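Worksheet for the structure shown next.
Note that the structure is predicted; figures quoted are calculated from it, not measured. To find a chain, count down the sequence lines: A is the first, B the second, and so on, and within it residues start at 1.
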There are 4 protein chains.
Amino acid sequence: MKRDKPKFKQIIDAAVIVIAENGYHQAQVSKIAKQAGVADGTIYLYFKNKEDILISLFQEKMGYFIEKIEEEIEGISSPSEKLFLLIQKHFQMLAAEPHLAIVTQLELRQSNKSLRLKINEILKGYLKVVDRIVQEGIDKGEFRSDLDVRLTRQMIFGTIDEMVTTWVMNEQKYDLVALARPVHQLLTKGCCV
Amino acid sequence: MKRDKPKFKQIIDAAVIVIAENGYHQAQVSKIAKQAGVADGTIYLYFKNKEDILISLFQEKMGYFIEKIEEEIEGISSPSEKLFLLIQKHFQMLAAEPHLAIVTQLELRQSNKSLRLKINEILKGYLKVVDRIVQEGIDKGEFRSDLDVRLTRQMIFGTIDEMVTTWVMNEQKYDLVALARPVHQLLTKGCCV
Amino acid sequence: MKRDKPKFKQIIDAAVIVIAENGYHQAQVSKIAKQAGVADGTIYLYFKNKEDILISLFQEKMGYFIEKIEEEIEGISSPSEKLFLLIQKHFQMLAAEPHLAIVTQLELRQSNKSLRLKINEILKGYLKVVDRIVQEGIDKGEFRSDLDVRLTRQMIFGTIDEMVTTWVMNEQKYDLVALARPVHQLLTKGCCV
Amino acid sequence: MKRDKPKFKQIIDAAVIVIAENGYHQAQVSKIAKQAGVADGTIYLYFKNKEDILISLFQEKMGYFIEKIEEEIEGISSPSEKLFLLIQKHFQMLAAEPHLAIVTQLELRQSNKSLRLKINEILKGYLKVVDRIVQEGIDKGEFRSDLDVRLTRQMIFGTIDEMVTTWVMNEQKYDLVALARPVHQLLTKGCCV
DNA sequence: AATGAATGAGTATTCATTCAT
DNA sequence: AATGAATGAATACTCATTCAT
């Protein structure tokens with residue numbers, strides 16, 4: 001399996017760095033190869049084409065992301081607390097990988113429609129986790145019973161995403177993780193008194 | 001002033017159509033010129049370069065957007081009601097211009113970082129309107145006094161934006177405007193009981 | 001009509017020279033553009049792609065070829081004499097354009113199958129002229145009545161083509177046109193006494 | 001001697017199949033290796049480079065070809081009959097190996113000039129056989145005494161070659177061997193009455 | 001002898017922008 | 001003001017060959 005070979009990860013990590021530092025459109029295959037310490041042609045022993053590097057990058061990172069978040073909320077009984085931990089872990093992981101944050105929040109969004117559709121497909125795994133928390137919140141009586149799960153998930157995801165993007169655009173100069181608590185409070189209690 | 005000449009708007013409207021129908025990366029200057037019924041070179045009598053078309057497009061549309069929203073909330077005393085009207089008007093205007101919705105929610109996001117920074121600059125006008133509503137809500141006691149205005153605005157904008165994007169990605173096949181009330185409720189009351 | 005513009009012919013003539021002097025595989029578009037005195041991009045205002053240059057080259061030259069040969073044999077009553085004039089004109093025209101001879105006999109044959117099929121299509125016009133001469137020869141009683149037109153045409157074309165190719169491979173160092181008469185004699189009388 | 005080892009022939013046979021089925025330009029070394037059931041690198045233990053595979057292929061097949069033809073005409077006294085047998089055997093052998101016919105008549109002609117020059121070198125053995133028949137025909141009085149041996153050989157070879165190529169291009173769908181007699185008649189008697 | 005992972009040179013084509021008319 | 005022909009920079013990918021095992 002190619003995914004398990006060291007060069008696979010080596011090339012993906014190189015892609016994250018090159019894209020974060022040069023921008024999506026200046027991330028030529030030859031630059032990624034050089035950063036990974038392999039020849040240009042070697043890239044094509046592990047990836048079908050350039051787009052495949054980016055999809056694999058997103059898959060690998062997002063897979064790890066979901067895994068970690070599920071570990072985090074496992075065994076927690078309160079859905080509201082689960083939501084808080086999801087937000088916190090999300091912020092923590094991106095704060096810990098500044099390059100990756102730039103790539104996912106800014107650079108990968110300039111990709112073409114076909115790539116974005118594939119990315120959306122991968123994102124669905126994450127959205128399902130949120131859906132499950134919301135549904136559980138309703139079932140356990142912590143969340144309002146008249147909630148529309150889909151809309152609620154969109155609010156949660158849209159809010160988290162906007163927070164991270166704003167933080168990245170502000171050059172990550174404030175403490176993102178510290179926002180987890182107030183963001184959780186906003187989402188659960190709303191802005192009204 | 002170039003902005004007042006008929007060809008200025010003519011080219012911008014052509015750009016919206018061409019981008020919506022062909023996608024950002026397939027929206028060549030020559031296609032826009034053809035759609036506008038002018039020669040390629042004529043574009044450059046009205047716009048500095050291609051990026052300038054897109055920025056102007058966003059400015060024109062967003063300026064009109066803010067104007068309409070301010071008309072809508074003018075004279076309303078309740079900040080919460082103002083927030084509702086803002087959401088509703090936002091949804092109404094994009095639902096009324098499907099091409100524009102595709103361009104602002106999907107296509108223009110594929111632009112490079114420099115263009116996106118300029119777009120963010122233009123967006124600030126909109127965000128200020130939201131900020132004012134939130135601040136007024138706090139002052140009038142309708143919103144919680146411990147709200148962070150900036151974070152609250154990010155939640156509101158992130159949520160609205162996510163709703164519209166999801167609706168566009170689903171090919172605008174459900175009634176976006178009907179979501180205004182439940183979205184307002186989610187934002188003001190949160191998801192908790 | 002693009003074919004009538006001066007740059008169309010200019011680029012085709014450049015292609016003949018570049019291919020003859022550098023070989024098919026070393027005839028890059030940029031080299032052809034340089035030889036033609038235009039920018040690389042200009043090529044694509046007149047030709048769909050590189051293959052289109054080569055097809056057009058063959059069409060233009062072969063069209064001229066057939067035209068000249070038909071002029072030559074027009075008004076001649078003896079089919080055998082027509083055959084002689086066809087051979088002579090064929091040899092004369094290629095002897096007069098050494099570059100073109102190299103291109104048609106050696107270089108263009110290395111093209112891929114798709115291009116060769118298109119070239120064969122164009123060749124059919126020439127083969128029809130030969131067919132007509134053979135048929136007329138049979139009808140007028142100059143040629144044997146039991147001839148298979150198709151086979152006879154293949155002998156004639158195969159022989160002429162082999163003569164030219166051998167001459168080109170021998171660096172055109174002997175007088176090709178002088179062979180017209182003996183070749184005609186061989187084709188009409190065969191090798192037997 | 002490498003030529004006697006089983007893998008040498010194994011690789012050449014694989015090359016014939018791969019080239020016939022995929023075309024010259026799609027016949028990568030790795031495909032030939034796979035068809036031969038050896039590793040890519042193994043090819044280079046038996047052949048200097050890719051060109052060497054093709055030259056060896058031609059040498060092997062052409063050597064066998066000449067051998068068979070010489071066996072066929074051996075002991076025949078009439079040069080004209082010898083010519084007939086040469087044509088017939090030539091047609092028979094290619095009709096018996098459809099893959100080889102495609103390779104020699106179509107695919108190998110797409111090779112570059114250097115390879116084609118080497119192929120011509122190998123062909124000389126075949127041409128010498130023809131030369132000998134023609135000379136003998138003149139000496140024995142069966143052929144006209146004013147024949148130019150070189151030109152006559154070019155007619156014979158050009159005609160045979162064109163017949164086979166046309167047959168291959170027509171997907172070998174008619175009986176090539178049946179043409180041996182009429183072709184021989186054409187070559188010996190010409191087209192005139 | 002045999003393997004197969006790694007190498008890296010080489011090129012057609014697009015499209016924003018210009019400028020002579 | 002308007003035109004549109006001409007420009008030219010920039011980049012992903014293939015595949016013959018090598019060499020450590």
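Judged by closest nucleotide on DNA chain E, D:Ala39 is the one of D:Ala39 and A:Gly37 placed further toward the 5' end.
In DNA chain E, runs of at least 3 stacked Watson-Crick or G-U pairs (N1-N3 plus N6-O4 or O6-N4, or N1-O2 plus O6-N3, all under 3.5 Å) give these stems: E:2-21 with F:2-21.
Residue pairs meeting the salt bridge (charged side-chain N to carboxylate O under 4.0 Å, His left out) criterion with at least one partner in residues 97-108 of chain B, sequence neighbours excluded, are A:Lys113-B:Glu107. Within the structure, the side-chain hydrogen bond (donor to acceptor under 3.5 Å, both in side chains) test picks out the following pairs touching residues 27-45 of chain A (sequence neighbours left out): A:Gln26-A:Gln28, A:Gln28-A:Lys31. The salt bridge (charged side-chain N to carboxylate O under 4.0 Å, His left out) analysis of residues 53-64 of chain A, with sequence neighbours excluded, yields the pairs A:Arg3-A:Glu60, A:Lys9-A:Glu60, A:Asp13-A:Lys61.
Look at CG on C:Leu54: it is 11 Å from P on E:dA12, rounded to the nearest Å. Remark: P of E:dT3 and CD1 of D:Ile43 are 10 Å apart, rounded to the nearest angstrom. In this structure, NZ of A:Lys34 is placed 13 Å from C1' of E:dG8, rounded to the nearest angstrom. Rounded to whole Å, the distance from CD1 on B:Ile32 to C1' on F:dG4 is 17 Å. Rounded to whole Å, atom P of F:dT11 lies 8 Å from atom NZ of A:Lys31. In this structure, the CG atom of C:Asp52 is 17 Å from the C1' atom of E:dT14, given to the nearest Å. Distance NZ (A:Lys5) to C1' (E:dA5): 8 Å, rounded to an integer number of Å. One interatomic measurement links the two molecules: CZ of A:Phe47 to P of F:dA12, which rounds to 15 Å at whole-angstrom precision.
Within residues 6-15 of chain C, the residues that have a heavy atom under 4.0 Å from DNA chain F are, in order of number, C:Lys7.
For B:Glu21, the salt bridge (charged side-chain N to carboxylate O under 4.0 Å, His left out) test picks out no residue, with sequence neighbours left out. In this view, A:His99 satisfies the ring-ring contact (aromatic ring centres under 6.0 Å, His included) rule with no residue, not counting sequence neighbours. When the ring-ring contact (aromatic ring centres under 6.0 Å, His included) test is applied to C:Tyr24, no partner is found at least two apart in sequence or on another chain. Every side-chain contact (heavy atoms from CB on, under 4.5 Å) that D:Glu121 has, sequence neighbours left out, goes to D:Lys124. Remark: A:Glu51 engages A:Ser114, A:Lys118 in a side chain to side chain donor-acceptor pair (under 3.5 Å) (not counting sequence neighbours). Not counting sequence neighbours, A:Tyr46 has no partner by the side chain to side chain donor-acceptor pair (under 3.5 Å) test.
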### Query
Which nucleotides of nucleotides 14-21 of chain F have their base under 4.0 Å from a protein heavy atom (B), which only their sugar-phosphate (S), and which neither (-), written as one string 5' to 3'?
BSSBB---
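The side chain of C:Tyr46 lies closest to F:dA5, out of F:dA5, F:dA2, E:dA5.
The side-chain heavy atoms of C:Leu45 and C:Val38, taken from C-beta on, include no pair separated by under 4.5 Å. Inter-residue side-chain proximity for B:Ile12 and B:Phe47 is flagged as met; some heavy-atom pair is nearer than 4.5 Å.
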